[in-house]
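Some notes on the structure that comes next.
The figures that follow rest on heavy atoms only: side chains count, while hydrogens, waters and symmetry mates do not. Just so you know, ligand 1 is whichever comes first in the structure, and atom 1 is the first atom listed for that ligand.
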Amino acid sequence: VSRIAVLTSGGDSPGMNAAIRAVVRTGNYYGLEVYGIMRGYQGLLEDDIYRMDNRSVANIIQRGGTILKTARCKEFRTPEGRKKAYDNLKARNIDGLVIIGGDGSFRGAVEFSREFDIACIGLAGTIDKDIQGTDFTIGFDTAVNTAVQAIDKIRDTMDAHDRIFIIEVMGRDAGYIALHSGIATGAENILIPEQKTDIEALVASLQEKERRKKLVNLIVVAEGDEFGGANEVARVIKERMPQAEARVAILGHIQRGGAPTCLDRLIASRMGYHAVECLIQGRRNVFVGIMNNKMNYVPLEKVGKKKGTINEEWMKIVKILAS
Ligand code: ADP
């Protein structure tokens with residue numbers, strides 16, 4: 001490769017900027033021409049493509065969001081759309097593409113690389129940590145730390161008023177944010193999509209705690225919990241325990257933003273550097289992850305969502321430590 005491009009796609013996550021910076025600076029270090037594509041595949045189709053020098057990524061490593069912006073793009077799902085995308089790259093002789101996004105973005109890259117001679121490299125940019133082939137995804141550590149800080153604050157009120165608090169964190173398909181932030185804040189219960197929610201057992205345990213005057217209870221719920229999120233859980237608790245004071249807090253998008261943590265900046269820098277190394281070494285259509293502190297390269301078509309891998313032992317620890 002001699003000319004490469006980088007884009008961010010799907011949901012944004014803190015640390016994407018650090019990854020863009022690493023791709024741009026590593027590419028320039030090796031004498032490649034590096035281009036940035038605005039708004040993911042949408043900008044690629046619309047030819048929204050710019051040369052990036054080292055200065056264009058100055059002072060962004062600490063910023064959340066993505067300077068390249070991100071979007072979802074229906075047209076890229078069609079062969080005609082992807083042909084347009086290819087033509088725009090070809091016109092500039094770009095033959096390597098780094099895609100920072102989630103598994104949806106990788107599906108798009110797989111289709112694209114089957115049809116056209118463009119080497120695609122995928123980096124996991126998602127707060128959900130639910131991508132196979134990597135122990136870390138760019139943004140998870142920041143999101144989970146934001147959740148912990150917010151829950152700690154709510155806990156003060158919870159404790160002062162002897163209340164049950166049901167706090168909903170992000171995670172439509174994955175419970176990692178709920179599990180990690182729940183353990184770190186001493187939650188009594190953690191409800192995640194990977195496990196069936198036994199609402200009866202939950203109510204029974206709250207009633208038992210009420211009998212022994214333990215009135216403060218923190219329940220952390222992932223938005224994709226099969227019972228239907230924090231509001232549903234609160235509805236049942238209020239119905240069954242009308243005397244209890246139960247409150248709901250939905251943390252929402254604060255979890256997606258903010259300055260990336262040191263860990264997210266570190267893994268984004270490392271992954272971005274290795275994405276360019278891959279292109280230089282002639283690797284094509286691979287996902288770059290980190291496992292057991294080593295780089296892990298997986299064919300892009302084999303990378304999907306990580307499912308149901310939450311360790312049972314953690315749930316036992318939650319139970320023991322919250323009693
Ligand atoms: P994420 O990357 O965060 O999982 P999406 O699932 O929205 O986010 O995917 C991002 C974009 O990737 C989509 O808007 C679309 O342009 C592209 N994409 C996703 N799946 C496919 C597919 N099967 N074929 C082609 N493009 C796809």
| remark: Sorted by chain and number, sequence neighbours left out, salt bridge (Lys or Arg N to Asp or Glu O under 4.0 Å) with K69 holds for none
| query | Got a salt bridge between E200 and R240, using NZ or NE/NH1/NH2 to carboxylate O under 4.0 Å? | reply | yes
| request: Using modelled atom types only, decide if a donor and an acceptor are shared between the side chain of E226 and the backbone of T197 within a distance under 3.5 Å. | output: yes
| With R39, the side-chain hydrogen bond (donor to acceptor under 3.5 Å, both in side chains) member among T8, T70, D48 | D48
| field | Residue list, salt bridge (Lys or Arg N to Asp or Glu O under 4.0 Å) with R92, at least two apart or on another chain | value | D47
| Do any pairs count as a ring-ring contact (aromatic ring centres under 6.0 Å, His included) and have a residue in residues 103-154, sequence neighbours left out, and if so which ones? | F76-F112, Y86-F116, F106-F287, F112-F116, F140-H180
| Applying a heavy-atom distance cut-off of 4.0 Å, which protein residues contact ligand 1? | S9, G10, G11, Y41, R72, C73, F76, R77, R82, G102, D103, G104, S105, R107, G108, E111
